[in-house]
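Inspection log for the structure reproduced underneath, given as structure tokens.
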Amino acid sequence: MANDIVNVEPDDSLKTWGWVSYVLHLIVAIGAVVPGAQASVLLLLIALLIDFVKRDDAAGTWQASHFSWRIRSVLWAGLLYIVTSWLWLLLFVPGWIAWSLISLWFLYRIVKGMIRMNDGRPMEPKDVI
């Protein structure tokens, strides 16, 4: 009896929460890239909240890297938006170019994460911070 194998079902709720978060991030990312299609910042905050709350539940799984990936994506994009906001004071064009590039970068990261999650792969090796 001590050597009995116990089948443990994988926690599909983590993958579901991950997809909900990715879709919310994707809506915001597309809204940032497509003119006139601005999505609510509230969607981004909801997705970020999901990621922070569920990140601990995913610790030790391949999905943990996805939660961290999305959190880092939002934090870096936010920082880049703040750092480049002074460009809007110079002229419209430099600010528009900078924010367009940041938005495209954010969209790229979200799509890359969705593709890797769909394949069941983590975002990066475990030894990368």
Side-chain angles (χ1 to χ4, degrees):
M1 283 291 178
N3 293 331
D4 287 343
I5 297 174
V6 177
N7 290 332
V8 178
E9 293 295 319
D11 188 2
D12 289 335
S13 70
L14 283 175
K15 196 167 187 179
T16 302
W17 281 113
W19 278 114
V20 168
S21 179
Y22 268 126
V23 168
L24 291 174
H25 280 91
L26 184 64
I27 292 168
V28 172
I30 290 172
V33 172
V34 177
Q38 290 298 325
S40 172
V41 174
L42 182 61
L43 292 178
L44 184 64
L45 293 176
I46 291 170
L48 193 58
L49 181 64
I50 289 169
D51 291 335
F52 274 116
V53 169
K54 290 297 189 179
R55 181 174 55 174
D56 289 340
D57 293 345
T61 69
W62 64 269
Q63 296 163 344
S65 66
H66 286 273
F67 287 97
S68 296
W69 176 262
R70 289 187 301 267
I71 291 169
R72 283 195 316 269
S73 296
V74 171
L75 295 179
W76 274 110
L79 179 67
L80 291 171
Y81 282 129
I82 290 169
V83 168
T84 60
S85 63
W86 65 272
L87 291 173
W88 288 99
L89 298 175
L90 294 176
L91 290 172
F92 175 75
V93 175
W96 179 81
I97 291 171
W99 282 27
S100 294
L101 292 173
I102 296 166
S103 298
L104 286 171
W105 172 81
F106 183 68
L107 178 62
Y108 163 77
R109 282 182 64 96
I110 297 306
V111 171
K112 180 180 179 179
M114 291 176 87
I115 290 169
R116 289 183 69 94
M117 186 162 148
N118 190 52
D119 292 342
R121 297 184 304 166
M123 286 312 300
E124 66 256 348
K126 293 180 181 182
D127 57 343
V128 175
I129 297 175

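Numbers for residues simply follow the sequence, beginning at 1. All figures in this text were calculated on a predicted structure; none of them were measured in a lab.
Hydrophobic clustering, with ILVMFWY side chains joined whenever heavy atoms are under 4.5 angstrom apart, keeps Tyr108 apart from Trp76. Hydrophobic clustering places Val34 together with Val111 (ILVMFWY residues linked when any side-chain heavy atoms are closer than 4.5 Å, directly or through intermediates). By the criterion of side-chain heavy atoms lying less than 4.5 angstrom apart, applied directly or through intervening Ile, Leu, Val, Met, Phe, Trp or Tyr residues, Val93 is grouped together with Ile102 in one hydrophobic cluster. Cluster membership check: Trp105 shares its hydrophobic cluster with Ile115, using side-chain heavy-atom separations under 4.5 Å among Ile, Leu, Val, Met, Phe, Trp and Tyr. Residues Leu89 and Ile82 do not share a hydrophobic cluster, defined by chaining ILVMFWY side chains whose heavy atoms lie under 4.5 Å apart.
Nearest heavy atoms, Phe67 versus Leu14: CZ-O, 3.9 Å. Between Ser65 and Met123, the shortest heavy-atom contact is OG-N, 2.8 Å. The two residues Ala64 and Ala58 have their closest heavy-atom pair at CB-O, 3.2 Å. Shown here for Leu80 and Thr84, the closest heavy-atom pair between the two residues is O-OG1, 2.7 Å. The two residues Arg70 and Ser21 make their nearest non-hydrogen contact at NE-OG, 3.0 Å.
Val33 is listed as a side-chain neighbour of Leu104, based on a closest heavy-atom distance under 4.5 Å. The side-chain heavy atoms of Val20 and Ile46, taken from C-beta on, include no pair separated by under 4.5 Å. Counting only heavy atoms from C-beta outward, the side chains of Leu43 and His25 never approach each other to under 4.5 Å. The shortest side-chain heavy-atom distance between Gln63 and Lys15 falls under the 4.5 Å cut-off. Between Leu107 and Leu26 the shortest side-chain heavy-atom distance falls below 4.5 Å.
Annotation: side chain to side chain donor-acceptor pair (under 3.5 Å) contacts of Arg55 (sequence neighbours excluded): none. His66 pairs by the ring pair (Phe, Tyr, Trp, His ring centres under 6.0 Å) definition with Tyr22, Trp62, not counting sequence neighbours. Residues forming a side chain to side chain donor-acceptor pair (under 3.5 Å) with Ser73 (at least two apart in sequence, or on another chain): Arg109. Among residues two or more places apart in sequence or in another chain, the salt bridge (charged side-chain N to carboxylate O under 4.0 Å, His left out) test is passed with Asp119 by Arg121. Not a single ring pair (Phe, Tyr, Trp, His ring centres under 6.0 Å) links Phe52 to another residue, sequence neighbours left out.
Other residues, nucleotides and ligands contribute more than 12 heavy atoms inside 6.0 Å of the CH2 atom of Trp69.
To the nearest 0.5 Å, atom CG of residue Leu24 and atom CG of residue Asp51 are 9.0 Å apart. Taking CD1 of Ile110 as the reference point, atom CD1 of Ile27 lies at 11.5 Å (rounded to 0.5 Å).
Ring centroids of Trp88 and Trp99 are separated by less than 6.0 Å, placing the two rings close together.
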Inset, instruction - Apply the test side-chain contact (heavy atoms from CB on, under 4.5 Å) to residues Trp19 and Asn118: give CA-CA distance (whole Å), side-chain angles for both, the deciding distance (0.1 Å), then the verdict. - result: CA-CA 9 Å; Trp19 278 114; Asn118 190 52; 3.9 Å; yes
Inset, instruction - Report the C-alpha distance between Ser103 and Tyr81 in whole Å, list the side-chain angles of each, state the deciding distance to 0.1 Å, and finish with yes or no for side-chain contact (heavy atoms from CB on, under 4.5 Å). - result: CA-CA 9 Å; Ser103 298; Tyr81 282 129; 2.6 Å; yes
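Taking a 4.5 Å side-chain heavy-atom cut-off between Ile, Leu, Val, Met, Phe, Trp and Tyr, the cluster of Val41 extends to Leu45.
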